[in-house]
There are 2 protein chains.
Amino acid sequence: MDNITRHDAHQNDIDAATGIPDIPAAAHAAIRIIKGDILHTPTPDAFEVCEDGYIIVANGTVQQVTSNLPSEYADLPVSDYSGSLIIPGFNDLHIHAPQYPIAGLGFDYELLPWLERYTFPAEANFADPEITQRWYKRFLNKLWSVGTLRFSAFATLHAGSTLELMRLSQQSGLRPVIGKVNMDRNAPESLIESTDDSLATTQELIEESRELTPDIGFIITPRFVPSTTPELMQGLGELAEHYDLPVQSHLDENLGEIDWVRELHPDIPSYAEVYEHYGLMPEGRTIMAHCVHTSERERALLKARRVYLAHCAQSNMNLTSGIMPVRRDLDYGLNISIASDVGAGHVPDINHHIVQSIEASKMLSMLPEHQGERPLRLPEAFAMATKASGAFFGRVGSFEPGYDFDALVIREDDNPLSLSPQERLERYIYTGDDRSITHRFVAGREIALPFPEV
Amino acid sequence: MDNITRHDAHQNDIDAATGIPDIPAAAHAAIRIIKGDILHTPTPDAFEVCEDGYIIVANGTVQQVTSNLPSEYADLPVSDYSGSLIIPGFNDLHIHAPQYPIAGLGFDYELLPWLERYTFPAEANFADPEITQRWYKRFLNKLWSVGTLRFSAFATLHAGSTLELMRLSQQSGLRPVIGKVNMDRNAPESLIESTDDSLATTQELIEESRELTPDIGFIITPRFVPSTTPELMQGLGELAEHYDLPVQSHLDENLGEIDWVRELHPDIPSYAEVYEHYGLMPEGRTIMAHCVHTSERERALLKARRVYLAHCAQSNMNLTSGIMPVRRDLDYGLNISIASDVGAGHVPDINHHIVQSIEASKMLSMLPEHQGERPLRLPEAFAMATKASGAFFGRVGSFEPGYDFDALVIREDDNPLSLSPQERLERYIYTGDDRSITHRFVAGREIALPFPEV
């Protein structure tokens, strides 16, 4: 606890880039040097550790990680976080922004009453601009606080409120993609649109947001197959193609849902193929949340289309959906990342979700049908929460040269046993919270608490 | 977040018991009235809620919970926590105090290397008085902060350090029972004693602590069967009987351990019966941690002896031990409480362990052999973390008349949807942390942070 003052003092170093006598200003103006115990996972099998090392960042992009500062940089000021860990920021590929107010509620209920009692009323609230302002600001503050710097969010069906979330995100310095939710069947009165309205407002929003929120991507977001008619899916697929946009939705979360999709689309052989059929699976640009109960046929498709699978272990436990067979799917070559699924996940903290994913995988390894499967190890799960999910946003989630410098500085808490940097990271992942994070960088820029007033 | 100031202001109300004009001081001197949204679980099937109600406490004991303050108390000052929840404090029946420094480390390892690499060195450290002072203070601060007001702790084999933990606990105002760990076989050099030494120092410690730490009970603590010889178990059983002391140990945590016990004690039909055989299962005064893989025969014994089973879901996931079949064992009539098992559990926060127990039980309910079993519901799990575990300490863990007033005041966080008290409690359990707790009472006395200096 005695580290607090020392680390907070670093905040002053950051902008104190003065007194550089003999280097021409232009040459190094956009270069930033960061010092600390650096950890990341270029490959998932182990942490790459550079203790007491330097990250050289130019124009927001990592140039190199090095133990010895090259002499050409010797006179540049250093943001010195010695004694702290520097790790890539977290990326969360599945989160429902309007469900943040009800996260942690109703988990004694089954999925359907949970949706009816909590989720749908919460989402309907976002017709109100005042609620939109207050809660989306709190939501962005919260994600900032726990170190989720990029994410893919479901908003609600309200175009105005969705645009507001994009504007607030643009202001915040965080870099999400955001989608207006589309639903034109099997939804409550307050959350349903006509097919035409749904498509028209989506298109309008895409156009508006391109102009107003240039750093915040739009993502096509059919809620899931049961709540979108074939016409709506078809139209959304066309929008995705026309504007070259990514797509996110839910897939194979629980068995009842899968049966329902089969009834709704008896002519299409699998749930995943419904999305594909309607043009909603653009290659390398699609996020499918859950994927707990995929068939072999679906896995082949998900692999071929290089889909991002968002593993939501906490949500799947809370709603008794099942456990995704992560080891099997990783071995098969699927791209799996770790996501929060707030509000069915109760907290957005990705460090907790890393732990929960490891625990779920240990549980599974104890069942006869998974016996012998290696449970997830920490570096693997960490890579799934940083580099695997970051790839959706470009070169994000690692400190390899050419990657955006998205980073968290983790304060050293008590260090009783001369722990190694990796052990200190382990400790943060298992026991830390927002208070452990002292600094957050997105593409090289330090980001402050977005909305201190709420 | 705007409640912080208002609630912190209450701290001043507590001792401001002045200006009571016409009631004789003696009559009401020890009466305290607490106001707020009161929740507890006299029975596990539902929360008993008294919204905006009063708890009348006399000499540290609950007299009644009431919506209307009886006129005889009308002029007494009220500690007004309106808008906050008032709930029983948490009790943790299984925690290793010296493992707190290494909690959250090494969970990529299996049990044995984990013990060797982290647990045993951590425990050996407590031969050092400086480490004892620093870390046991931090440990007690931490338990205070998360609202664990009573607990049953394993210390280490060091008598001096164990006595120091008891002294610090006495000072803290928390009310644990604490045991010196006994090990005279199958332990590393640094953590083994001779049988005679082990018994002699234990007896000495019992005598000393009775005098020096009158509020802190001693609990006989053989680490587990594999690390205690028959002679040591016999001697400890005799001490338990002679001094009328409770006993704690581990039982049926994982399958390898059970085989080992069978090899060590081929003449005794089950692991549980080894403890019984040596007098280490006093009726209604025994805590057995884990009990993941109990046999029918053992369950009958645990029931007959009214043993406290400490369910450690997080630890059992971290170390891939299994999942305790809680529903089956509750139905059978066993007394199960929710425990942290720090350091194999990574955090001491009992609210997190409530969630983890519910999740584990949901996982189990999805397996074919447990199909149809109702997963744990929140009020049940809450009762297991308050009243079921509190019973070990007497009338503790509920606000029924005659119970010690052990309580936590939980600050209302954001309340977006006019949530009911029960929903706000749910939210705290799932998403809250130490910052949610504004006041802590043990037997009617408010307890401040024990050791602000560490």
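Per chain, numbering begins at 1; letters A, B, ... match sequence-line order.
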Under 4.5 Å heavy-atom distance to chain B, tell me which part of [X] shows up: side chain, backbone, both or neither.
| X | value |
| --- | --- |
| A:Asp433 | side chain |
| A:Ser321 | backbone |
| A:Tyr428 | neither |
| A:Ile429 | neither |

Hey, is B:Lys362 close enough to A:Asp108 for a salt bridge, meaning N to O under 4.0 Å?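 No, B:Lys362 and A:Asp108 are not salt-bridged.
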What pair of heavy atoms forms the shortest contact from B:Tyr430 to A:Val347, and how long is it? O-CG1, 4.1 Å
Of the non-hydrogen atoms in A:Thr431 and B:Gly104, which two are nearest, and what is the gap between them? CG2-CA, 4.1 Å
Less than 4.5 Å apart, any side-chain heavy atom of A:Asp434 and any of B:Arg435?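 Yes, side chains in contact.
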So do B:Met363 and A:Leu364 actually touch side chain to side chain, heavy atoms under 4.5 Å? no
By the definition side chain to side chain contact (heavy atoms under 4.5 Å, CB included), identify the one residue from A:Arg424, A:Gln422, A:Glu423 that meets it with B:Leu105. A:Glu423
Separation between CZ of A:Phe107 and CD1 of B:Ile358, rounded to the nearest 0.5 Å: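 Between atom CZ of A:Phe107 and atom CD1 of B:Ile358 there are 10.5 Å.
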CE of B:Met366 to CE of A:Met317: how many Å apart, nearest 0.5 Å?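 Here the interatomic distance stands at 7.5 Å.
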Side-chain donor or acceptor of B:Arg377 paired with backbone N/O of A:Tyr109 under 3.5 Å: no
Under a 3.5 Å cutoff, is there a donor and acceptor pairing between the side chains of A:Gln356 and B:Glu359? yes
